[in-house]
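Notes to accompany the following structure.
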Amino acid sequence: MMGGGGGSISQGPHVSFEDGGNVSGSSTGTGSSGAGGGNKTQRNVSIASLSSHMPDGGLMIATMSTQVKLDFIHDTRQAFGRSALVLQGGAIFGLCHLGVVKALFLRGLLPRIIVGTATGALIGALVAVHSEEELPWVLKGDGIDLSAFASKGMDPVKHNEGLRESAWSRWATLVRRVQRFRKEGYFLDVKVLEECIRSNVGDLTFEEAYHRSKRVLNITVATAGHGGVPTLLNYLTAPNVLIWTAAVASNASTPTFYGHRQTKIMCKDSQGNIVPWKPTNTVDFSHWTHVAYADQESPLLRIAELFNVNHFIVSQARPYLIPFLQSDMHGPSLVETSNKTVSATAFLLRMVGLEIRHRLRQLDTLRLLPPGIRRFLVDEQIPGASMTLVPEVTAGDFVRLMETPTKETLEYWILRGERSVWPAVAALKIRCAVETELDRVYQVARRLKAGGLRRKMSHMGAPG
């Protein structure tokens with residue numbers, strides 16, 4: 001290009017982004033005579049030849065390194081938000097949580113963040129300690145060890161076969177527990193619960209389970225006085241705590257149910273030895289119904305802050321709430337549609353339940369609700385969008401609350417849990433589509449990054 005004084009300026013700047021992601025080059029300046037004899041500066045920024053990056057249209061193709069892609073997808077995923085599966089209580093109804101997890105897992109909708117309370121903590125622990133390949137076997141019920149519930153000295157298989165006469169088994173279980181209450185002062189034997197959880201979960205810690213399955217297990221516990229103990233246990237707040245002890249603590253109840261035996265949480269020290277967790281040496285755990293979480297102490301709010309969760313899938317199995325609730329995506333059942341009287345009765349029952357819960361929330365806001373009622377009837381507020389899944393149970397199912405878990409009862413409740421998810425599958429796929437794709441792409445980028453590091457190390461180790 002010619003200036004007024006015959007000066008010339010060479011070719012303009014060249015910029016190229018290579019796979020390394022670093023922009024580096026040289027800048028040189030030369031003087032030439034201009035109109036007034038002044039000098040003009042020549043700039044030449046060249047990183048690499050553009051011949052392979054300049055198509056016919058003259059547009060430059062910029063490529064990003066794998067690390068830049070990984071960082072970008074990670075930041076996008078964090079900003080978009082995540083989903084969490086909340087498994088709330090349930091006693092024997094809590095076995096429906098297994099069916100909920102199974103239905104979500106088979107459709108690729110199972111969130112990586114799982115929250116469990118009481119029976120939900122047992123199911124959450126069972127899911128979080130198994131890898132993707134092991135889960136199908138567990139969710140069928142085949143990988144769950146129920147021998148702890150069998151009578152001492154009796155073959156568990158024969159014991160389960162003998163319990164097929166459901167009416168007799170329920171009556172025998174009820175009589176045995178009433179006799180235990182009369183002699184020892186409590187209904188349920190917590191030692192059996194501990195043995196069952198430990199045989200299925202093992203001595204894994206929250207951190208070990210996270211590295212094994214890449215799922216974030218959260219177990220909520222309740223204490224009379226916090227004493228430095230977090231109400232939410234996970235691989236960030238309690239990485240070295242044994243999962244099975246946390247699940248037992250979440251199920252800790254009043255002396256009427258489990259006796260006066262104090263629940264201890266155990267952990268692993270730096271040498272791998274199992275020792276008591278120091279923060280709980282002077283703390284006794286209570287049942288979740290005995291603690292009313294304030295807004296700033298809510299475990300779900302804490303999860304939203306720790307993991308940027310803004311969508312909660314709630315599996316609700318608490319026996320005293322199920323009669324008044326219905327899954328968000330459920331329509332009327334076949335029985336209701338075939339009989340107008342049953343349909344009207346069911347509608348009125350749900351309306352009465354919703355009205356009662358609304359009035360109780362109003363009384364709780366005004367601090368007029370007695371704690372004895374609040375702990376049972378006012379549910380925890382969910383800090384974000386949510387979808388509630390409620391299993392459809394009959395009056396006969398409430399009779400099964402006292403029965404002993406067997407292979408047959410597992411299959412029964414798993415099916416009930418699956419059915420509660422089916423009407424919501426389409427809505428969940430839409431809600432979680434972007435999140436699922438971001439998570440898939442993030443895992444692909446991580447594998448590419450790991451592969452690149454392996455190739456780099458192999459080249460470095462190769463003889464020159």
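Keep in mind the model is a prediction, meaning the values are calculated, not measured.
The line from NZ of Lys407 to CG of Asp142 is 4.5 Å long, rounded to the nearest 0.5 Å. Interatomic distance, SG of Cys267 versus CG of Leu242, reported as 7.0 Å (0.5 Å rounding). Atom CG of Leu438 sits about 12.0 Å away from atom SG of Cys432, to the nearest 0.5 Å. Note that CZ of Arg107 is 10.5 Å distant from CG of Leu428, once rounded to the nearest 0.5 Å. Interatomic distance, CD1 of Ile243 versus CD of Glu207, reported as 11.0 Å (0.5 Å rounding). Summarising the geometry, atom CG belonging to Asn240 is positioned 12.0 Å from atom CD1 belonging to Ile274; distances are rounded to the nearest 0.5 Å.
A donor-acceptor contact closer than 3.5 angstrom is absent between the side chains of Arg446 and Tyr442. When only modelled atom types and interatomic distance are considered, Thr237 and Asn234 share a side-chain donor-acceptor pair under 3.5 Å. For Asp145 and Asn200, the side-chain atoms include no donor-acceptor pair closer than 3.5 Å. Under the 3.5 Å distance criterion, with hydrogens and angles disregarded, no donor-acceptor pair is assigned to the side chains of Gln443 and Arg440.
Side-chain N or O atoms of Ser213 include one that pairs as donor or acceptor with a backbone N or O of Ala209 at under 3.5 Å. Judged by distance alone, with hydrogens and angles left aside, the side-chain atoms of Thr76 form a donor-acceptor pair with the main-chain N or O of Phe72 at under 3.5 Å. Counting only distance, with no hydrogens or angles, the side chain of Arg77 and the backbone of Glu435 share no donor-acceptor pair below 3.5 Å. For the pair Thr117 (side chain) and Gly120 (backbone), a donor-acceptor distance under 3.5 Å is absent. The backbone N or O of Val248 sits nowhere less than 3.5 Å from a side-chain atom of Asn251 that would complete a donor-acceptor pair. Here the side chain of Ser386 pairs no donor or acceptor atom with the backbone of Ile313 at under 3.5 angstrom. Of the possible donor and acceptor atoms, one in the side chain of Thr119 sits under 3.5 Å from a partner among the backbone N and O of Ala91.
Considering all non-hydrogen atoms of both residues, Ala121 and Ile219 come closest at CB-CG2, 3.9 Å. Taking every heavy atom of both residues into account, Ile114 and Gly124 meet most closely at CG2-CA, 4.1 Å. The nearest pair of heavy atoms linking Leu70 to Ala445 is CD1-CB, 3.7 Å. Nearest heavy-atom pair, Cys96 versus Arg416, reported as atom, atom and distance to 0.1 Å: SG-CB, 3.9 Å. Of all heavy-atom pairs between Phe80 and Asn310, the closest is O-ND2, 3.1 Å. The shortest heavy-atom contact between Pro423 and Ser420 is CD-O, 3.9 Å.
In this structure the side chain of Leu135 reaches within 4.5 angstrom of the side chain of Arg215, judged on heavy atoms. Side-chain atoms of Pro405 and Ile92, non-hydrogen and from C-beta on, do get closer than 4.5 Å to each other. The shortest side-chain heavy-atom distance between Phe312 and Pro383 falls under the 4.5 Å cut-off. Here the side chains of Asn218 and Leu306 are not in contact, with every heavy-atom distance at 4.5 Å or above. The shortest distance between side-chain heavy atoms of Lys264 and Pro276 does not fall below 4.5 Å. Leu233 is listed as a side-chain neighbour of Trp277, based on a closest heavy-atom distance under 4.5 Å. Taking the side chain as every heavy atom from C-beta outward, Thr409 and Thr406 approach each other to under 4.5 Å. Within the 4.5 Å cutoff, side-chain heavy atoms of His130 are placed close to those of Leu126.
Of the options Leu87, Leu122, Leu139, Leu415, a side-chain contact (heavy atoms from CB on, under 4.5 Å) to Leu98 is made by Leu139 and by none of the others.
The environment of Lys214 atom NZ is dense: over 12 non-hydrogen atoms of other residues, nucleotides or ligands sit within 6.0 angstrom.
Relative ring orientation between Phe307 and Tyr235 is described as parallel, the plane-to-plane angle staying below 30° on a 0-90° scale split at 30° and 60°.
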> How far apart are the C-alpha atoms of Val127 and Val138, what are their side-chain angles, what is the distance that settles it, and do they pass the side chain to side chain contact (heavy atoms under 4.5 Å, CB included) test?
Replying inline: CA-CA 8 Å; Val127 173; Val138 174; over 6 Å; no

